[in-house]
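Below: the structure, in structure tokens.
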Amino acid sequence: MKRRSVLLAALALTAASGSTAMAAGKPSAAGRRVVVYYQTQYANGTYVSPLALTERRTGVTDVLVAAVHLNDLNGPYAPVHLNDDPPGAAKYDRMWRDLKTLRGQGVHVLAMVGGAAPGSFTRLDEEFDTYYPLLRDFIRRYELDGVDLDVEERMSLAGIERVISALRADFGAGFIITLAPVASALSGGGNLSGFDYDALYRSRGGDIAWFNAQFYNGWGRMNSTADYDAIIARGLIPASKVVAGALTSPDNGGSGYVGMTTLKSTIGALASKYPGFGGVAGWEYFNSRPGGTAAPWKWAAEVSSALKIRR
């Protein structure tokens, strides 16, 4: 996922992964997901609360707070940042309270790690023993349901496997681990992560709850089912583990925004074609159309209606 300007399943037994998928701790972990990335917590100095997502009964299942960065311990910044500030900064106090409220209402709250800003995954890859404990302790402090690993820099396959294995060991079977590759990386095409996602899925598929695949910025489109179909047709990753990531506004990415009418048409077609369709993710919340900054929750409600999720 890109910060503001550029971004961005039912857990099942799969023969390809060779291991048993871990069940998430809340009922909404299964079925079609409505995932919202929540990066802009303040717009023009005004706090953007995510609470309308449940107050308006939108059907949201997962809120991904973004973006967490692991900084150079020898640099000028705190070791862990949420966007431009430490996660414990006073400006985030209300946000953490609101996210706790969402969790109490059955919504999963995950942290998105990485994204366009480089360094976090290089450090986890090359200095795991130094930087992984920072991530682990952050997750524990804020009692998160999971993490979304958005690797947009080169990382070794062994490195990402080690991170996933450590998260599973530290947080147990109910902890949700997702990744956010560009969509083409799941169909044998362009890839920002360095490692091969086919190889990762074969070795760690049972620990990966789903992929928030980025269908925008030239890596895929949601104006039809074609790019999603190309992933599923390969026969490796099931539709239950591929959540289709879309831009919620043309202001949130370089290209690939699809208007709500077309998006709902594509979602409906995917839901009909794939009974186990994993759902849809939106980058990002604060200015989501059709409601815009005044009512960003409407995007999730519209997507839920297309997925025929009862609210």
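Just so we're clear, the structure is a prediction, and the values are computed from it rather than from any experiment.
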* **Atom NZ of Lys273: over 12 foreign heavy atoms under 6.0 Å** => yes

* CD of Glu127: more than 12 outside heavy atoms within 6.0 angstrom? -> yes

* To do: List the steps and the verdict of side chain to side chain contact (heavy atoms under 4.5 Å, CB included) for Val34 and Val280.
  => CA-CA 5 Å; Val34 179; Val280 183; over 6 Å; no

Identify the heavy atoms of [X] and [Y] that sit nearest to each other, and give their distance.
| X | Y | value |
| --- | --- | --- |
| Gly291 | Lys298 | CA-CD, 4.0 Å |
| Ser288 | Glu284 | OG-O, 2.8 Å |
| Val258 | Leu263 | CG1-N, 3.6 Å |
| Ala239 | Tyr274 | CB-CB, 3.8 Å |
| Met260 | Pro290 | CE-CD, 4.1 Å |
| Ala183 | Ile231 | O-CD1, 3.7 Å |

Going by heavy atoms in the side chains, are [X] and [Y] under 4.5 Å from each other?
| X | Y | answer |
| --- | --- | --- |
| Asp62 | Thr178 | no |
| Asn212 | Leu64 | yes |
| Val303 | Thr58 | no |
| Arg168 | Arg204 | no |

* Between Asp227 and Arg221, does at least one N-O distance fall below 4.0 Å, as a salt bridge requires? -> no

* Asked: Taking the six-membered ring for Trp, are Phe277 and Tyr228 parallel (under 30°), tilted (30 to 60°) or perpendicular (over 60°)?
  -> perpendicular

* Where does the angle between the aromatic ring planes of Phe171 and Phe175 fall among parallel (under 30°), tilted (30 to 60°) and perpendicular (over 60°)? -> parallel

For [Y], is there any backbone N or O sitting under 3.5 Å from a side-chain donor or acceptor partner on [X]?
| X | Y | answer |
| --- | --- | --- |
| Thr122 | Pro118 | no |
| Glu143 | Arg141 | no |
| Asn71 | Ala78 | yes |
| Thr40 | Tyr42 | no |
| Asn83 | Ala67 | yes |
| Asn217 | Ser255 | yes |
| Arg162 | Asp125 | yes |

* If you group Ile, Leu, Val, Met, Phe, Trp and Tyr by side-chain heavy-atom gaps below 4.5 Å, do Leu135 and Leu73 land in one group? -> yes

* Asked: Do Tyr77 and Val80 sit in the same hydrophobic cluster, where Ile, Leu, Val, Met, Phe, Trp and Tyr count as joined when their side-chain heavy atoms come under 4.5 Å apart?
  -> no

* After noting the C-alpha distance and the side-chain angles of Lys91 and Tyr47, does the key distance pass the side chain to side chain contact (heavy atoms under 4.5 Å, CB included) rule? -> CA-CA 9 Å; Lys91 64 183 287 186; Tyr47 174 65; over 6 Å; no

* **Test applied, side chain to side chain contact (heavy atoms under 4.5 Å, CB included); reference residue, Tyr285; option that passes from Thr248, Val65, Leu53** => Leu53

